[in-house]
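For the numbers below, each heavy atom of this structure counts, side chains included, while hydrogens, waters and symmetry mates do not. Predicted model, so just to flag it, every value in this text is computed and none were measured.
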Amino acid sequence: MSKKKSKKKSKLQIAQDKAQAATNETNNVIGELGKHTESLYKSLTSIQVQFDKIRSVPSEQKLRYEELKQIRLNWKQQADKIDKDYKNATVKNAGAGAAGTGLGVAVVTMGPIVAMGVATTFGVASTGTSISTLSGAAATNAALAWLGGGALAAGGGGMATGNAFLALASPVGWVIAGVSLLASGLIFWKSKSDKNHLENVFIAISERDIKSYELAIVELKERISRIIDENSKLTDAIGEIESFGLDYNKMSESQQYALGSYVNLMFSSTRLLVNPIQGLLPKFSEEDFDSFMSWKDRKANKETCAEHKDFIVSLANLLYKIEINDRDKKLLWKSLRKNKKMLKSMDISKKEFDLDIMSVILEALSFKYSKKVDTTI
């Protein structure tokens with residue numbers, strides 16, 4: 001017993017413990033965001049009710065806030081779907097002990113509030129003002145991956161195979177995947193030097209993700225602060241509109257002007273509801289993959305890339321901004337090929353996963369790094 005207590009944690013274990021703590025804090029703040037987005041949603045619904053009562057509103061204004069109403073309703077439907085789908089996955093996987101294991105939030109009883117926070121985090125239904133590529137089923141899958149990725153990556157069964165690659169592409173999924181790869185007994189290295197090299201790769205991954213979580217937490221808290229401010233303005237606006245009467249043509253010029261400014265307020269508030277948290281979006285997206293495929297100087301085989309697109313995108317997220325030399329590449333490739341459950345979940349065989357695919361992934365990342373940063377978002 002005393003030996004167990006005195007046993008020191010490895011550098012990798014310490015790094016991954018820190019990464020898990022950052023993951024937990026991120027998920028807690030997402031839950032807090034959910035409470036505020038629920039309140040914002042209610043305020044936007046209330047001000048919409050006030051607008052709907054007013055007759056003779058100019059068509060331009062009416063069209064604009066009707067569009068905002070649809071965006072808001074789509075967002076709510078998506079949040080409800082995330083909540084429902086995750087609960088269904090929880091029930092299905094309860095026997096395997098996968099759902100709710102080692103996750104940063106109490107997802108077994110997640111509830112609509114956390115679902116709302118997750119929906120906002122992944123930027124749902126932001127049509128017209130979209131700065132996210134995620135919408136509809138893709139957003140739901142990404143949210144489920146965020147919440148369930150850890151359990152799936154650890155080999156506990158997880159969700160449907162179709163969502164598996166997203167689980168490993170999510171920030172939390174790969175952190176815990178790193179733990180499972182080294183702690184699950186799948187890797188037996190004769191050389192201590194090889195083992196240390198591989199551990200250093202996963203330490204770098206954990207340290208990278210810790211920084212990402214820290215920045216994301218700042219972004220999440222800033223979003224919460226802005227929502228509180230906008231919600232207060234909406235509450236005041238609702239009271240003002242009630243005093244304007246129900247006929248636009250009978251309102252004073254200043255009241256009509258105020259009504260127009262409240263439409264702008266609804267617009268900015270809706271963006272806070274549906275725009276994604278940038279720090280938690282995948283670092284290598286499907287759009288990055290498509291750009292890579294269109295690159296005229298690409299060396300990678302087109303058919304190989306197309307056949308294993310999901311796998312390439314996932315591993316590109318794992319290795320994003322991680323320095324990999326030839327030795328690291330081979331060691332990592334050998335270790336990943338030993339993880340049968342991971343390969344099965346990502347629909348690729350050990351034979352298919354050859355060293356050339358690792359080269360494709362590193363070439364795709366090199367292409368991504370060389371691209372100019374898009375400032376148009």
Go through the side-chain N and O atoms of Ser206 and Asp209 and say whether any donor and acceptor fall under 3.5 Å apart. no

Are the side chains of [X] and [Y] in touch, meaning some heavy atoms are under 4.5 Å apart?
{"X": "Ile30", "Y": "Met116", "answer": "no"}
{"X": "Leu332", "Y": "Leu319", "answer": "yes"}
{"X": "Glu214", "Y": "Ile210", "answer": "yes"}
{"X": "Ser314", "Y": "Phe284", "answer": "no"}
{"X": "Leu280", "Y": "Thr26", "answer": "yes"}
{"X": "Ser212", "Y": "Lys283", "answer": "yes"}
{"X": "Gln48", "Y": "Met266", "answer": "yes"}
{"X": "Glu32", "Y": "Leu220", "answer": "no"}

Let me check something: do [X] and [Y] share a hydrophobic cluster, defined by ILVMFWY side-chain heavy atoms less than 4.5 Å apart, either directly or through other members?
{"X": "Val49", "Y": "Ile238", "value": "no"}
{"X": "Val29", "Y": "Leu215", "value": "no"}
{"X": "Ile322", "Y": "Leu355", "value": "yes"}

May I ask you to decide whether [X] forms a salt bridge with [Y], counting only side-chain N to carboxylate O separations under 4.0 Å?
{"X": "Glu199", "Y": "Lys195", "value": "yes"}
{"X": "Asp288", "Y": "Lys371", "value": "yes"}
{"X": "Lys309", "Y": "Glu286", "value": "yes"}
{"X": "Lys76", "Y": "Asp80", "value": "yes"}

Please find the pair of heavy atoms, one from [X] and one from [Y], that lie closest to each other, and give the distance.
{"X": "Gly245", "Y": "Met251", "result": "O-CE, 3.7 Å"}
{"X": "Ser56", "Y": "Asp247", "result": "OG-OD1, 3.8 Å"}
{"X": "Lys62", "Y": "Val57", "result": "N-CG1, 4.1 Å"}
{"X": "Leu40", "Y": "Ser269", "result": "CD2-O, 3.5 Å"}
{"X": "Ala300", "Y": "Phe292", "result": "CB-CZ, 4.0 Å"}

Holding to side chain to side chain contact (heavy atoms under 4.5 Å, CB included), I want the full list of residues that pass it with [X], two or more places apart in sequence or in another chain.
{"X": "Asn325", "value": "Arg327, Asp328"}
{"X": "Lys35", "value": "Ile113"}
{"X": "Arg223", "value": "Leu33, Thr120, Ile227, Leu272, Asn275, Ile277"}
{"X": "Asp356", "value": "Asp354"}

Exam field: side chain [X] to backbone [Y], donor-acceptor pair closer than 3.5 Å:
{"X": "Gln61", "Y": "Val263", "answer": "no"}
{"X": "Glu242", "Y": "Gln50", "answer": "no"}
{"X": "Gln13", "Y": "Ser10", "answer": "yes"}

Atom pair [atom1]/[atom2] of [X] and [Y] - distance to nearest 0.5 Å:
{"X": "Leu12", "Y": "Leu198", "atom1": "CG", "atom2": "CG", "answer": "9.0 Å"}
{"X": "Ile224", "Y": "Asn231", "atom1": "CD1", "atom2": "CG", "answer": "12.5 Å"}
{"X": "Cys305", "Y": "Asn301", "atom1": "SG", "atom2": "CG", "answer": "7.0 Å"}
{"X": "Glu67", "Y": "Gln70", "atom1": "CD", "atom2": "CD", "answer": "10.0 Å"}
{"X": "Ile14", "Y": "Lys8", "atom1": "CD1", "atom2": "NZ", "answer": "9.0 Å"}
{"X": "Glu352", "Y": "Thr304", "atom1": "CD", "atom2": "OG1", "answer": "10.0 Å"}

Quick one: which residue pairs count as a ring pair (Phe, Tyr, Trp, His ring centres under 6.0 Å) with a foot in residues 217-262, not counting sequence neighbours? none

Got a sec, which pairs hit ring pair (Phe, Tyr, Trp, His ring centres under 6.0 Å) with one end in residues 10-42, sequence neighbours left out? Tyr41-Trp75

Taking the six-membered ring of Tyr369 as reference, does the cationic atom of Lys321 (NZ for Lys, CZ for Arg) lie under 6.0 Å from its centre and within 45° of its axis? yes

Kindly indicate whether a cation-pi arrangement holds for Arg64 with Phe267, taking the cut-offs as under 6.0 Å to the six-membered ring centre and within 45° of the axis. yes

Could you tell me how the ring of Phe51 sits relative to the ring of Tyr65: parallel (under 30°), tilted (30 to 60°) or perpendicular (over 60°)? tilted

